[in-house]
Amino acid sequence: MYRSVPGWQSGSEMCVALRDGDQVIGVVNVERKNKNAFTQNDLLDLESLAGVLASVVSSADAYQRLQDSIRQLRSTQDELRNRIEAQREAESRLLQAAKLAAVGEMAAGIAHELNNPLTTVTGFVELTLNDLPPESASRADLELVLREANRARDVVRRLLDFARQTESSRT
């Protein structure tokens, strides 16, 4: 947009376009009060200056676009870093859950393997105690075996309860 200086009377004028390739990005306008004040050399100088100015303006625009791209890349990098960290945490929780599930399965297997012989021991001790007279010398030993077998069965039961636990959630 051209604006004249108030009270200025132009006698001579030179106007040169600032170009970036085929695109006009501005205009340099030079005025003097005298008529026919400019020479061909003045026009060549102004065209040279216009070329330098066009290069500066284009470089500034390219620099601004580059800065915008850098900001965008940094933002994307931060977002990617956050997503990677969240994925690592999720993988860690998933691995921990898989380990707990494996421990639960192993506990259930061990409990079942221990429960069978304990049932046999408890059953035979109870049968023997039923056939044994109350004053028998081995009765105290067999009652101790029965108590310990029942205690072991309680441990196995708690182990099975642990293996059956499901993840609790708050509501």
Side-chain angles (χ1 to χ4, degrees), residues 1-3 16-28 48-171:
M1 178 175 171
Y2 176 77
R3 292 187 190 174
V16 176
L18 299 177
R19 294 184 178 274
D20 184 14
D22 291 337
Q23 184 179 8
V24 175
I25 59 173
V27 174
V28 176
S48 294
L49 177 62
V52 171
L53 288 174
S55 175
V56 168
V57 169
S58 294
S59 294
D61 186 47
Y63 178 76
Q64 185 60 45
R65 286 192 311 267
L66 180 63
Q67 290 300 318
D68 291 343
S69 294
I70 288 171
R71 275 191 289 280
Q72 211 171 23
L73 285 171
R74 284 189 178 140
S75 173
T76 302
Q77 181 184 28
D78 290 342
E79 183 181 337
L80 185 60
R81 191 177 293 128
N82 291 338
R83 285 183 180 186
I84 288 171
E85 183 61 30
Q87 183 177 358
R88 282 187 185 141
E89 288 174 9
E91 287 173 355
S92 177
R93 286 191 303 270
L94 188 61
L95 182 62
Q96 189 64 27
K99 285 180 182 178
L100 282 174
V103 167
E105 286 180 27
M106 185 175 68
I110 291 171
H112 284 296
E113 288 299 318
L114 290 176
N115 217 18
N116 291 337
L118 283 173
T119 302
T120 304
V121 168
T122 304
F124 278 117
V125 168
E126 286 174 349
L127 288 173
T128 305
L129 282 171
N130 286 340
D131 291 343
L132 217 83
E135 64 280 346
S136 173
S138 55
R139 185 170 200 67
D141 292 337
L142 288 173
E143 287 173 347
L144 176 64
V145 169
L146 184 61
R147 275 194 313 272
E148 292 303 313
N150 285 332
R151 190 168 69 93
R153 188 183 309 164
D154 289 342
V155 170
V156 168
R157 193 169 294 128
R158 286 194 305 265
L159 196 56
L160 277 171
D161 289 343
F162 167 78
R164 287 189 199 115
Q165 283 182 357
T166 59
E167 188 174 319
S168 60
S169 62
R170 294 182 182 188
T171 56

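Predicted, not measured: the structure shown is a model, and the values here were computed from it.
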In Å and rounded to the nearest 0.5 Å, what is the OG to CG distance from Ser136 to Asp141? 9.0 Å

Is the closest side-chain heavy-atom distance between Asn115 and Arg157 below 4.5 Å? no

Taking only residues two or more places apart in sequence, or in another chain, which ones meet Gln87 in a side-chain hydrogen bond (donor to acceptor under 3.5 Å, both in side chains)? Glu91

In terms of side-chain heavy atoms, does Gln64 have a donor or acceptor partner in Asp68 at a distance below 3.5 Å? yes

Separation between CG of Leu80 and CD of Gln77, rounded to the nearest 0.5 Å: 8.0 Å

Between Thr76 and Gln72, is there a donor-acceptor pair closer than 3.5 Å when you use the side chain of the first and the backbone of the second? yes

Contacts under 3.5 angstrom, residues 16-25 side chains, donor-acceptor by atom type, not counting sequence neighbours:
{"residue": "Asp20", "atom": "OD1", "partner": "Ser58", "partner atom": "OG", "Å": "3.4"}
{"residue": "Asp20", "atom": "OD2", "partner": "Ser58", "partner atom": "OG", "Å": "3.1"}

Quick one: OH on Tyr63 to CD1 on Ile70, what's the gap to the nearest 0.5 Å? 7.5 Å

Hey, could you give me the CG/CG distance between Leu95 and Leu100, rounded to the nearest 0.5 Å? 10.0 Å

What I'd like to find out is whether the side chain of Gln96 reaches to under 4.5 Å of the side chain of Arg93, using heavy atoms alone. no

Determine whether Arg65 and Asp61 satisfy the following criterion, side chain to side chain contact (heavy atoms under 4.5 Å, CB included), listing intermediate values before the conclusion. CA-CA 6 Å; Arg65 286 192 311 267; Asp61 186 47; 2.3 Å; yes

Kindly give the heavy-atom pair with the smallest separation between Leu118 and Arg153, and that separation in Å. CD1-N, 3.8 Å

With Val125, the side-chain contact (heavy atoms from CB on, under 4.5 Å) member among Leu127, Thr128, Val121, Thr122: Val121

Salt bridge flag under 4.0 Å for residues Arg74 and Asp78: no

Could you check whether Glu85 pairs with Arg81 (Lys NZ or Arg NE/NH1/NH2 to Asp/Glu carboxylate O, under 4.0 Å)? no

Identify whether the distance between the nearest side-chain nitrogen and carboxylate oxygen of Arg151 and Asp154 falls below 4.0 Å. no

Does Ser92 use its side chain to pair, donor to acceptor, with the backbone of Arg88 at less than 3.5 Å? no

Holding to side-chain hydrogen bond (donor to acceptor under 3.5 Å, both in side chains), I want the full list of residues that pass it with Ser48, two or more places apart in sequence or in another chain. none

